[in-house]
Undergrad: 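Here it is, the structure, as structure tokens.
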Amino acid sequence: MTSFDRLYTVKRDGERLDRICKNELGSERGGTMESVLKLNPGLAALGWTLPLGTTIKLPPRPSSEPKRPVVKRIWGES
């Protein structure tokens with residue numbers, strides 16, 4: 001089971017999952033929406049605009065630090 005960070009409740013008519021991901025998690029790309037859908041089975045069946053009062057589990061916000069590439073070293077770690 002994937003853990004979630006917090007809950008979000010739809011507060012306005014016409015809210016869309018892509019906009020919620022952008023506002024709450026910083027992006028709707030790179031698997032963000034897929035991870036939200038995985039945490040919330042049945043959410044996609046609600047349609048493009050989410051009903052008022054829908055509660056959504058949100059994953060932790062991605063780190064803002066750029067990922068450093070892992071470089072294999074021939075002569076050991078340093």
Side-chain angles (χ1 to χ4, degrees):
M1 178 77 186
T2 307
S3 65
F4 67 96
D5 185 49
R6 64 191 189 284
L7 294 174
Y8 177 85
T9 302
V10 176
K11 299 171 189 83
R12 296 181 307 251
D13 284 327
E15 282 193 81
R16 298 185 342 217
L17 184 59
D18 61 335
R19 299 289 181 171
I20 293 168
C21 289
K22 175 85 170 162
N23 293 335
E24 297 294 320
L25 301 171
S27 177
E28 72 282 11
R29 299 177 183 193
T32 302
M33 286 184 51
E34 289 82 358
S35 64
V36 172
L37 290 170
K38 185 176 179 180
L39 282 172
N40 299 276
L43 186 63
L46 296 177
W48 186 247
T49 57
L50 300 171
L52 190 65
T54 302
T55 302
I56 303 167
K57 295 175 186 174
L58 296 176
R61 185 179 261 271
S63 173
S64 60
E65 295 179 15
K67 292 183 180 179
R68 292 181 52 196
V70 176
V71 178
K72 292 239 179 202
R73 301 185 188 275
I74 298 171
W75 292 280
E77 299 296 318
S78 59

Undergrad: Can you tell me how far apart OG (Ser35) and CZ (Phe4) are? Round to the nearest 0.5 Å.
TA: 13.5 Å
Undergrad: Of the non-hydrogen atoms in Leu50 and Leu46, which two are nearest, and what is the gap between them?
TA: CD2-CB, 4.2 Å
Undergrad: Using every non-hydrogen atom in the two residues, find where Ser27 and Arg29 come nearest and quote the distance to one decimal.
TA: OG-N, 2.9 Å
Undergrad: If I compare all heavy atoms of Glu24 with all of Arg6, which pair ends up nearest, and what's the gap?
TA: O-NH2, 2.9 Å
Undergrad: Spell out, as yes or no, whether a donor-acceptor pair under 3.5 Å connects the side chain of Asn40 to the backbone of Lys57.
TA: yes
Undergrad: Among Leu17, Ile20, Leu25, find the one that has a side chain to side chain contact (heavy atoms under 4.5 Å, CB included) with Met33.
TA: Leu17
Undergrad: Are the side chains of Glu15 and Thr49 in touch, meaning some heavy atoms are under 4.5 Å apart?
TA: no
Undergrad: Before giving the answer on side-chain contact (heavy atoms from CB on, under 4.5 Å), spell out for Val10 and Ile56 the whole-Å C-alpha distance, their side-chain angles and the decisive distance to 0.1 Å.
TA: CA-CA 8 Å; Val10 176; Ile56 303 167; 4.2 Å; yes
Undergrad: Take atom CZ of Arg16 as the centre, draw a 6.0 Å sphere, and report whether it contains more than 12 heavy atoms from other residues, nucleotides or ligands.
TA: yes
Undergrad: Could you please spell out the steps behind the side-chain contact (heavy atoms from CB on, under 4.5 Å) verdict for Leu37 and Leu43?
TA: CA-CA 6 Å; Leu37 290 170; Leu43 186 63; 4.1 Å; yes
Undergrad: Restricting to non-hydrogen atoms, name the atom on Pro59 and the atom on Leu39 that form the minimum distance, rounded to 0.1 Å.
TA: N-CD1, 3.6 Å
Undergrad: Taking Glu28 as the fixed residue, which of Asn23, Asp18, Val36 is the one that meets the side chain to side chain contact (heavy atoms under 4.5 Å, CB included) rule?
TA: Asp18
Undergrad: Between Leu58 and Leu52, is there a shared hydrophobic cluster once you connect ILVMFWY residues whose side-chain heavy atoms come closer than 4.5 Å?
TA: no
